[in-house]
Each structure stands twice: as structure tokens, then as C-alpha cells.
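Sequence lines set the chain letters: A, B, ... in the order given, protein chains first and strands last, and positions in each chain run from 1.
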Number of protein chains: 2
Amino acid sequence: MKAITVDSVVRTTRSPRATQIVEIARELLEREGPGSLTMRALAERLGIRAPSIYKHFRNKEAVELALIESALIEVGEVMYAALAEPERITSLLAAYRAYGLEHPNLYRLSTTGALDRRSLPKGLEEWSGAPFFIAAKEPHLAQALWSFAHGMVMLELDQRYPPGSELDKTWREGIKAFSAAVHQEVPAHE
Amino acid sequence: MKAITVDSVVRTTRSPRATQIVEIARELLEREGPGSLTMRALAERLGIRAPSIYKHFRNKEAVELALIESALIEVGEVMYAALAEPERITSLLAAYRAYGLEHPNLYRLSTTGALDRRSLPKGLEEWSGAPFFIAAKEPHLAQALWSFAHGMVMLELDQRYPPGSELDKTWREGIKAFSAAVHQEVPAHE
DNA sequence: ACAGTAGGCTAACAACGTTAGCCACGCAAC
DNA sequence: GTTGCGTGGCTAACGTTGTTAGCCTACTGT
């Protein structure tokens, strides 16, 4: 859960060269898509050869894990910021959606497939997801809310909704349903 | 929307050999995972060489599309069946979840990444998703419900929930929220 | 002065999807 | 009956991918 301050998040420390590799990898992924994030293409942008990257990262997965780490930090940041506004759930999901749509390839990389938790900074994943628990108050409802948001973003990114769908309305309906559930969950104040 | 009868769905007609290829491909995918569904491995199980597969399918994507087609039909079937029971939304999502968990690799293949709609039987995708619209009554709420279910299944398959999460409860909370929304949507009967 | 490490390199490997080009069989038409 | 052609197999090969082995150079600490 940790404090809300962004700087409380532990970032992996990396050498200047390794940091640069991650930066370029991110540009490559975001601008050209996952199919273009190859060790050779990455090396070329760095002015070196592919095998040299292995002096800095164990393998490609390790580079991707560094990208995931930065995504978790960033999405956490925007979500904690959203919690400061009124209509918590609405602004939280708006921030989540916006991040996903602005960084489609990074979002997909970060949220699909198995994740090697042991290789992530301890507590990062938990910190990043905590805003849902803060907003929903009840843990299971929080996970359900996250699942809804994730499903929405993924299906929107993959263009799986019927053409012409009014997704703003879909988000609104989901938010309405969850907001009502949250209010019912805690019958007291707010 | 179409009729509820399963046989109203149009299946792509295929030669016996092509049908067999799809069958073996499915076994390979489901049993060994997506990384093992290679043209060479597929060919080996068929007793032929990889290039020969291209006499039956344009490329690997076409084989995968055939798998997606069968998945859409099957998940549609179990969902229409679920609609016949009381507690529509509960049984619908239970059926959806069960299908996803029983066919993790097929589910992932079918629901992630871009989908070439033009190459699918016309109306299949719509038919397959219609149960959500029937259950939720309001189209946007239906899409939200589907998104929730999809997000839940994906995150469960990818083991993205914190270890020890009680996912049954999470499903229940989501279902509760959406059920209430559906009842509020149509203030009249049921 | 010397050793060790950091960080580059080339060559190469296995596996992948895919294409080109060849060949054998079976069937229909003349 | 021979001809012709489509069907469905084959081998060889290409380009791309992640990755490893092994070498070399330059800087740094003792």
C-alpha cells in the first residue's frame, strides 16, 4: 500500500548504459510496435551490435521487464493523482484508460502474459494497483473494478468492440454500476 | 442476434485434410501452448512437412483463424445454454469463466490481438457475443459486462491477481454490481 | 607494471514462417 | 488410351529471430 507519495516507489538502479538501452527500447516499442522491438533493431539504435546488449541485460525478457517496471510506476502515478479529485472512481478509471490508450504497446506488454514477480522491485506491483483498493474500499470489489478497466482497455486497444460502439457510454455504465456497489458496500458516510 | 439454436451458426466448410489440420493444431495449442504451435510441429503430427500445410492454408494466421472460429462457436454455445437457467447473469458469467479456464490457450488466442473480421463467417462474432446483450438488456451495460468478464478471465489466466486472491468472491462482487445495474436499468418486471 | 573487468566485436547456431520449384498421382476430356 | 491438369506431397533455401562462444581492447586499481 505504501505512502501516496510517488517517490516512495523503489526503482531498480541501473548503469547509465543500461538506462539508455531501456529508453531506446521504450521508444522502439511505443513508436514501432512490439514486432519491431528486436535485439538487433535495439542495438542498431544504440550504435552497437545485438550481442553487446547481453553485457547489460540477461536476455530480452529482462529488457522488457525494465519497461514493465516503468509502466507500473507511471500508471501508479497517474492513478494516485486521480484519487485526489472528487468522483474518485470516475477519475481513477479515466486516468487508467487514458494511460492505456496513450501507451498501447507498453500497456499490452505490461499486462499480458505471465509476469516474473521475483524480478520486479518488491512492492511495486502492489503499490501500482493500490488505487483500486483505495477507491473501491472493499478488496474484492476493487479487483473486480480493476478487471473491468483492464478488460475495457484491452478490448478497445484490440478493436474488439463492434465498429461504431460508443465506448464512452460503456465506460459510464460500468462506472455507474461499480460506484453504486461501492456506496452500498459502505453504508455510512460519503 | 439470430436465433438461439446453435445450428444457426455458419461454419466455414473445409476439406477433410484441412479439417484434420485444424484438429491437430487445436490439440497442439491446447496441450503444449502457443509456443509449440509451429508449422513444423504441426506438420510432424500430420506426418507431412511444413511447406505442405500451405497447400491447405494461406499461412499460419489462417490456421489460427480457424481455431478462433471454433472457439467463438463453442463459447457461444455454452453461453446460450447458460441463458436458459435462472439467475441469467450469474450462470452466464460462470459459463464464460469456465470456458476460458478450461481452454486457456485457445481463449487467449481468440481474444487478444487484432482480429481479421472479414475472414470470419459473417455474423459469427455478433452471435457469439449476443448472450451478454440478452442478459444485460442495455447494450452499453452489456459491453461493460463482457469487458469485466474478459478482464477477469485474462488476469486469472495470466496469474496477475495477488497470490491467495479469492477470485470466486471477486466474481461475485462484480456480478452483484452488474446485476443491480441491470435491474435498475429496466425498472419494470423481473 | 600488471591484472582484471567492462564492454565492445564477429561468427555461428537453432528455430521460426515462408517461398520456389519439382514431382507423382488420379481423374476427366478428347 | 493418351493427354492434360489440379491436388498435394517433397527438398532446398531464405531471411529473421534470440542467443552463445570466444576474442579483443581500453580503462582502472594495486
Side-chain angles (χ1 to χ4, degrees), chain A residues 12-69 105-106 108-110 112-116 118-119, chain B residues 12-69 105-106 108-110 112-116 118-119:
Chain A
T12 300
T13 58
R14 267 183 277 270
S15 73
R17 192 52 153 163
T19 304
Q20 188 195 12
I21 290 174
V22 176
E23 283 170 8
I24 308 265
R26 173 152 181 175
E27 282 181 32
L28 209 45
L29 174 67
E30 296 218 58
R31 292 223 261 266
E32 317 274 342
S36 296
L37 179 55
T38 71
M39 297 304 267
R40 283 174 176 84
L42 179 54
E44 196 184 355
R45 308 252 172 151
L46 287 158
I48 59 177
R49 306 291 173 152
S52 300
I53 300 177
Y54 291 81
K55 299 289 178 170
H56 304 276
F57 290 90
R58 200 164 69 273
N59 50 27
K60 189 185 181 186
E61 193 192 343
V63 178
E64 291 175 337
L65 206 74
L67 295 177
I68 293 174
E69 181 182 326
N105 295 314
L106 189 58
R108 232 193 247 98
L109 175 68
S110 307
T112 66
L115 178 59
D116 183 11
R118 305 184 319 269
S119 307
Chain B
T12 300
T13 58
R14 267 183 276 271
S15 72
R17 191 54 153 165
T19 304
Q20 188 194 11
I21 291 174
V22 176
E23 283 170 9
I24 308 267
R26 172 153 180 175
E27 282 181 31
L28 210 45
L29 174 67
E30 297 218 58
R31 292 222 260 264
E32 316 275 341
S36 296
L37 180 54
T38 72
M39 297 302 267
R40 284 176 175 85
L42 179 53
E44 197 184 353
R45 308 253 170 151
L46 288 158
I48 60 177
R49 308 290 174 151
S52 300
I53 299 177
Y54 291 80
K55 299 290 179 170
H56 304 276
F57 290 90
R58 199 165 69 271
N59 50 27
K60 189 186 180 184
E61 192 193 343
V63 178
E64 291 175 337
L65 206 75
L67 295 177
I68 293 174
E69 181 182 325
N105 296 313
L106 189 58
R108 230 192 249 99
L109 174 69
S110 306
T112 67
L115 178 60
D116 184 11
R118 306 185 317 269
S119 308

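Contact annotation: B/R49 side-chain N/O to D/dT11 OP1/OP2 distance is under 4.0 Å. Dashed line: the shortest gap from a side-chain N or O of A/H56 to OP1 or OP2 of C/dG8 is under 4.0 Å. Note on A/S52: every side-chain N or O is 4.0 Å or more away from OP1 and OP2 of C/dG7.
The CD atom of A/E23 sits 13.5 Å away from atom CG of A/L28, with the distance rounded to the nearest 0.5 Å. To the nearest 0.5 Å, atom CZ of residue A/R26 and atom CG of residue A/L42 are 14.5 Å apart. Residue B/L65 holds its CG atom at 8.5 Å from CZ of B/R58, rounded to the nearest 0.5 Å. Taking CG from B/N105 and CZ from B/R31, the interatomic distance works out to 12.5 Å, rounded to the nearest 0.5 Å. Summarising the geometry, atom CD belonging to A/E44 is positioned 8.5 Å from atom OG1 belonging to A/T38; distances are rounded to the nearest 0.5 Å.
The distance between atom CG of A/L28 and atom P of D/dG18, rounded to the nearest whole Å, is 11 Å. For A/I48 and C/dA6, the CD1 to P distance is 16 Å, given to the nearest whole Å. Between B/F57 atom CZ and C/dG17 atom P there is a gap of 15 Å when expressed in whole angstrom units. For the pair B/I53 CD1 and D/dT7 C1', the computed distance is 16 Å after rounding to whole Å. For B/L42 and C/dA15, the CG to C1' distance is 16 Å, given to the nearest whole Å. Here the P atom of nucleotide D/dG9 and the CD atom of B/E44 are 16 Å apart, to the nearest Å.
Rotation axes derived from the C1' atoms of the five outermost pairs at either end of the helix from C/dA1-D/dT30 to C/dC30-D/dG1 lie 10° apart, to the nearest 10°.
When all heavy atoms are compared, the tightest approach of B/A25 to B/V63 is CB-CG1, 3.9 Å.
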Is there any protein nitrogen or oxygen under 3.5 Å from a nitrogen or oxygen in nucleotides 19-23 of chain D, and what are the pairs?
residue	atom	partner	partner atom	Å
D/dT19	OP2	A/Y54	OH	2.9
D/dT19	OP2	A/K60	N	2.9
D/dT19	O5'	A/Y54	OH	3.3

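Enclosure of atom CD in B/E32 by more than 12 non-hydrogen atoms of other residues, nucleotides or ligands within 6.0 angstrom is indicated. Residue-environment remark: CD (A/Q20) exceeds the threshold of 12 foreign heavy atoms within 6.0 Å. Heavy-atom contacts from other residues, nucleotides or ligands closer than 6.0 Å to CD of B/E27 number more than 12.
Among the protein residues, A/L37 comes within range of the sugar-phosphate backbone only, with heavy atoms under 4.0 Å from sugar or phosphate atoms but none that close to a base.
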